[in-house]
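Okay, so here's the structure we're looking at.
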Amino acid sequence: MILRQLKELIKKEILILLRDRQTILLLFLMPVALILFLSLAMEGVWADKLTGRKIQLVIENESNSPQANLLAKKIKTHKLIQHIDRPRGMDNDQIFADGKAHAIVTIPKGFDEGDRPVEMYFDPVIDAGYKMATRSLITSITVEVVMGIDNLDTVIAGLLIEKTKPSREFPSPLQQNVPAYAIFAMFFIAIPMSVGFLKEKKDGTLQRLFTYPVNTNLVILGKIIPYYLINIFQFVLMLLVGVYVMSHLISFSFHLGEHPWHMLPVTMVVAAATTGFGVLVAALARTPEQSSTLAATGAILMGVFGGIMMPHVLMPVVMKKLAMISPMYWAHQAYLDIFLRDAALVAILPKLIVLTLFAGICFYVAGRRVQWI
Amino acid sequence: MNALDISSITFSYDGAQGCALQNFSLTVADGRMQALLGPNGAGKSTLMRIITGQLRGYSGDVFIYNNKMPDRSALLSIGYAPQPISLYTALTTRENLRFFGAMAGLSDDQIVLRSKIVLEQTGLTDHAEETVMTFSGGMQRRLNLAVALLHSPKLLLLDEPTVGVDPQSRNHIYETLTGLNAEGMTILLCTHIMEEAARLCSSVTVADKGEMIFSGPMSDIDNLEKFFLEKTGRELRDE
């Protein structure tokens, strides 16, 4: 009888949730849309950060001397340069305003004689680091031509060598956004969970339930299990979107890491934390309206602090420390351990312990504060 | 045998100054339809919640067919239709019946059989697959009653069962209750509608300020409303 009651409690909860279109939008479509649009939006920024964007450059050779022609040719054919022809009738300001190019290089008459230097114009809103890199590149090409050096890099190779390791901290847009917004949406489960509970209290169905021989713990399980399962389904869905849909839409693929099965314990613990948050909101709020405000505000703040909206690696040091107060930070870092750092389960364990403690505290406080009737 | 036997119940809510119920006693004989009347704040809803096991922490005893509450078989012998329409409005009629039937421990076959009967009794057979949120107030009220009847209780507790319903639904509910009582079901009817109590019930209990102030046969009372006002006073109750 107990199992049958539990089954019916779970079934009832899922049926109610599935018939609420707003909740479906909130739990499933919102994160998909966020992953889609924010990954597309971040693609350019990430391209700059990770692979180096090609510099779109207009070159004007007013000299046409052999040296000037060689310089123009070397600039145009450099692998980091994308040569753009000056659009007809556009001055420099218009070119930058319309985003046609990042920089304009002019080789003036008298360049060969050393009378006039090469002139550079940059889009005024270009990133300072990007501007400096472009300027250094044009300088080194100019030095090669003027000094008659075939390739400056081979000369410098004896003096300077780069030994940078591949990044284990900087996620691709998909590695950042898929777990980030899956976690974000999982925490939003607190809204339907708490609103449903308070609505049942308000309309008397919860009180009516207790006029039957139903154990209170069974009612609690009947409330938690469906949302826990929905949380896991949410994550699986977001993962599938990331792997099979988003990787076709943007130029970054989604690597699951060397130990993708680690997602199982991590997702189970994250789902416990999110349902714990939902139970806590349900216990603290007095009305359904209050609970949805509390849950949404809590989830958004946890997202802002926890490196969901702004990647943790890009945060200033103080914010990186502050992020640790958010359970979303620990959840997100646990997933990044899997996708980015190929971490062993032992390395992920401390994050899982923090999330388990968070869940435990939520359930404990909720248990002390909840008023069933 | 008494269907319901309440002796010397005293109860107060946390933080409240006075008692919601003070040394309250009540008996309902098996097979009777009895009215429970009282102005706002009389303690009727508190009493209903104690009888149905929702409230604990009271002193005194509640026996349902000689089973002392809280008790599983006592709970199963009660059918309770609360005053708020306590149904899952996103679910269909049948889904609501299935859910509450499972909570009462009915098997799938019993739920199917009993659903058919209570839907006929409440005139909702044609609306079994419709979601409750599309129902009128009267239909919701009737389903509220159907749920209470589903597990064939021996004692039916009704809290304002006809509030906000049209005359047709009200009359249908009255006929259903009369029929059930005639078949032997004991009914405790908590209501503010004096005509309803006078028409349906053979005995009456009047409560005020947490105490039982009258209990006796309806036949002893000529004019129930006048009698009620004489017993409870004419001042307004804003509780």
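Remember, predicted model here, so these are calculated numbers, not experimental data. Lettering follows sequence order; numbering is per chain, from 1. Both backbone and side-chain heavy atoms feed into the values below; hydrogens, waters and symmetry mates do not.
For A/Tyr364, the OH atom counts as loosely surrounded, since its 6.0 Å shell holds 12 or fewer non-hydrogen atoms of other residues, nucleotides or ligands. Heavy atoms from other residues, nucleotides or ligands lying under 6.0 Å from CZ of A/Arg4 number more than 12. Atom CG of A/Leu29 sits in a crowded spot, with more than 12 heavy atoms from other residues, nucleotides or ligands closer than 6.0 Å. Residue A/Lys199 qualifies as open at atom NZ: its count of foreign heavy atoms under 6.0 Å is 12 or below.
Between the CD1 atom in A/Ile16 and the CZ atom in B/Phe99 there is a gap of 8.0 Å [rounded to 0.5 Å]. Separating the OH atom in B/Tyr88 from the CD atom in A/Glu13 is a distance of 7.5 Å, to the nearest 0.5 Å. Between atom CE of residue B/Met103 and atom OG1 of residue A/Thr211 there is a gap of 11.5 Å, rounded to the nearest 0.5 Å. The distance from atom OG1 of B/Thr131 to atom CG of A/Leu15, rounded to the nearest 0.5 Å, is 12.0 Å. Going from atom CZ of A/Arg19 over to atom CD of B/Glu95 covers 4.0 Å, rounded to the nearest 0.5 Å. Taken from CZ in A/Arg208 to CG in B/Leu87, the straight-line distance is 6.0 Å, to the nearest 0.5 Å.
Both the backbone and the side chain of B/Ala148 have a heavy atom closer than 4.5 Å to some heavy atom of chain A. Within the 4.5 angstrom heavy-atom criterion, only backbone atoms of B/Leu106 (N, CA, C, O) approach chain A. Proximity to chain A (any heavy atom under 4.5 Å) is shown, for B/Asp14, by neither the backbone nor the side chain. For B/Ile51, no part lies under 4.5 angstrom from a heavy atom of chain A. Contact of B/Ile78 with chain A is not made at all, since no heavy-atom distance falls under 4.5 Å. Heavy-atom distances place both the backbone and the side chain of A/Leu9 under 4.5 Å from chain B. With a 4.5 angstrom heavy-atom cutoff, A/Lys11 touches chain B only via side-chain atoms. Contact annotation for B/Ser73: neither backbone nor side-chain heavy atoms come within less than 4.5 Å of a heavy atom of chain A.
Between the side chain of A/Thr205 and the backbone N or O of B/Ser86 there is no donor-acceptor pair closer than 3.5 Å.
Between chain A and the options B/Pro70, B/Ala74, B/Ser107, B/Gly79, heavy-atom pairs under 4.5 Å are most frequent for B/Ser107. In terms of heavy-atom pairs under 4.5 angstrom with chain A, the leader among B/Gly53, B/Ala81, B/Ala102 is B/Ala102.
A/Asp203 has its side chain out of reach of B/Ile85: every pair of non-hydrogen atoms, C-beta onward, lies at least 4.5 Å apart. The shortest distance between side-chain heavy atoms of B/Leu75 and A/Phe210 does not fall below 4.5 Å.
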